[in-house]
Protein chains: 2
Amino acid sequence: MVTKTTENTKCPVAATLELIGGRWKTPILYCLAFGTKRFGEIAVRIPNISRKVLTEQLKDLEKDGLISRKQYKEIPPRVEYSLTDLGKSLSPIFDEIAAWGNQNILAKP
Amino acid sequence: MVTKTTENTKCPVAATLELIGGRWKTPILYCLAFGTKRFGEIAVRIPNISRKVLTEQLKDLEKDGLISRKQYKEIPPRVEYSLTDLGKSLSPIFDEIAAWGNQNILAKP
DNA sequence: TGTTTTAGTTACCATTTGGTTACCGCTTTT
DNA sequence: AAAAGCGGTAACCAAATGGTAACTAAAACA
């Protein structure tokens with residue numbers, strides 16, 4: 001009854017966390033919250049992420065409609081990522097989580 | 001700069017998601033939000049979780065101060081779990097996530 | 001006497017996730 | 001002629017996560 005009801009309907013919390021959960025999704029969304037970025041810029045701002053995993057996560061986020069990808073037919077290639085309206089609509093969640101984290105984790109003596 | 005700053009200070013969002021992220025943490029917390037439960041009761045309400053994993057996750061949550069464990073010296077054993085005040089303080093986050101999930105995932109045509 | 005009941009633990013295995021390295025295509029720069 | 005710059009992909013690996021089955025202890029019950 002928590003992750004699924006008997007009718008196979010998912011819990012809204014579990015369903016949402018499937019989209020934004022995982023090691024890298026939130027860092028990426030947070031990074032794009034400051035504006036459109038190129039692939040390489042994201043990679044620089046998120047230390048330790050491998051290019052392969054970054055590619056995968058960006059694909060996931062795009063598939064879920066949270067970010068959009070714009071590719072320019074240039075050489076060398078240029079690809080820009082940005083939040084969609086749906087992606088932007090997540091911000092109250094992040095605000096709430098950030099507030100909790102600041103109060104309860106980071107503000108520890 | 002997202003998960004860590006150069007001074008090794010964590011992002012509040014990433015830090016919080018480390019506590020409540022993962023496949024089972026939120027189902028467990030949500031389950032306990034309805035009141036104190038015994039180990040077996042939780043297991044019944046969360047289908048598909050194995051007892052081993054449930055034990056592990058409960059230990060994690062207890063270590064992080066989100067739930068408390070009360071063991072009675074009885075035979076057969078009885079152990080009760082409940083949310084701590086810190087655990088209860090997460091509810092605005094879950095409300096926000098649930099609202100988003102209902103609007104944007106579950107309410108799809 | 002033997003089975004049941006509860007909340008685990010142990011040992012082992014499968015799946016998922018993330019990571020490393022090398023490489024590509026195509027134009028501009030050196 | 002060669003290397004740089006960009007946004008990837010392919011092949012291969014390692015680690016984390018999750019799962020199963022069998023086992024435990026002590027009392028209650030039939």
Side-chain angles (χ1 to χ4, degrees), chain A residues 2-4 10-11 14-15 17-32 35-64 66-82, chain B residues 2-4 10-11 14-15 17-32 35-64 66-82:
Chain A
V2 173
T3 53
K4 302 193 171 194
K10 298 197 99 174
C11 157
L17 287 176
E18 257 177 49
L19 303 189
I20 64 172
R23 175 75 185 78
W24 300 113
K25 298 278 180 65
T26 42
I28 293 171
L29 291 170
Y30 182 67
C31 178
L32 292 179
T36 298
K37 300 258 177 313
R38 299 181 59 170
F39 182 89
E41 291 180 278
I42 303 173
V44 165
R45 275 155 218 268
I46 306 183
N48 305 327
I49 196 173
S50 68
R51 292 163 107 55
K52 178 195 137 189
V53 172
L54 178 53
T55 302
E56 288 171 353
Q57 303 290 306
L58 288 170
K59 269 183 195 157
D60 272 10
L61 291 168
E62 194 198 359
K63 182 199 72 200
D64 292 332
L66 299 177
I67 67 175
S68 66
R69 193 188 115 110
K70 187 168 185 185
Q71 182 169 5
Y72 297 84
K73 314 182 209 75
E74 298 176 359
I75 294 292
R78 178 158 63 111
V79 181
E80 290 181 348
Y81 294 92
S82 51
Chain B
V2 173
T3 54
K4 302 193 169 192
K10 300 197 98 176
C11 158
L17 287 177
E18 257 177 46
L19 303 189
I20 63 172
R23 177 72 185 82
W24 300 113
K25 297 279 179 65
T26 42
I28 294 171
L29 291 169
Y30 182 68
C31 178
L32 291 178
T36 299
K37 300 259 177 314
R38 300 182 58 173
F39 182 88
E41 291 181 278
I42 303 173
V44 164
R45 274 156 219 267
I46 306 183
N48 305 326
I49 196 173
S50 70
R51 313 202 132 230
K52 178 195 135 189
V53 172
L54 179 52
T55 302
E56 288 169 354
Q57 303 291 306
L58 288 169
K59 267 185 196 156
D60 273 8
L61 291 168
E62 193 198 1
K63 183 201 73 202
D64 292 330
L66 299 177
I67 67 174
S68 67
R69 193 186 116 111
K70 187 167 185 186
Q71 180 168 9
Y72 296 85
K73 316 182 208 72
E74 299 176 358
I75 294 293
R78 178 156 65 111
V79 182
E80 287 180 351
Y81 293 91
S82 51

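Owing to the predicted nature of the structure, the values given are computational and were not obtained by experimental measurement. Just so we're on the same page: letters track the sequence lines, and every chain starts at 1.
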Which atom of B:Tyr81 lies closest to which atom of B:Leu32, heavy atoms considered: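 So the minimum-distance heavy-atom pair works out to O-CD2, 3.5 Å.
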
Could you check how far [atom1] of [X] sits from [atom2] of [N], rounded to whole Å?
X	N	atom1	atom2	answer
B:Ile49	C:dG8	CD1	P	13 Å
A:Glu80	D:dC6	CD	C1'	13 Å
B:Lys70	C:dA7	NZ	P	15 Å
B:Lys73	D:dA27	NZ	C1'	17 Å
B:Arg38	C:dT6	CZ	C1'	7 Å
A:Gln71	D:dG7	CD	C1'	8 Å
B:Glu41	C:dA7	CD	P	8 Å
B:Glu62	C:dA7	CD	P	15 Å

Nearest listed nucleotide, side chain of [X], among [options]:
X	options	value
B:Lys59	C:dT9, D:dG18, D:dG5	C:dT9
A:Ile75	C:dA7, C:dT27, C:dG19	C:dT27
A:Phe39	D:dG7, D:dG5, C:dT20	D:dG7
A:Val53	D:dG5, C:dG18, D:dG7	C:dG18
B:Arg69	C:dG19, D:dG18, C:dA7	C:dA7
A:Tyr81	C:dA7, C:dG19, D:dG8	D:dG8

Contact between [X] and [Y] at the side-chain level, heavy atoms closer than 4.5 Å - yes or no?
X	Y	answer
A:Leu66	A:Asp60	no
B:Lys25	B:Leu19	no
B:Trp24	B:Glu56	no

Contact under 4.0 Å: B:Lys52 side-chain N or O vs D:dC23 OP1/OP2: no

So, OP1 or OP2 of C:dT17: does either fall under 4.0 Å of a side-chain N or O from A:Gln57?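 Answer no for this pair, as no side-chain N or O of A:Gln57 is under 4.0 Å from OP1 or OP2.
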
Could you say whether B:Glu56 or A:Val79 is positioned toward the 5' end of DNA chain D, judged by the nucleotide with the nearest heavy atom to each? A:Val79

Residue pair B:Thr55/A:Arg51 against DNA chain C: nearer the 5' end by closest nucleotide is B:Thr55

Cut-off 3.5 Å, side chains only: do A:Glu80 and A:Tyr72 have a donor facing an acceptor?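 Distance-only check passes for A:Glu80 and A:Tyr72.
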
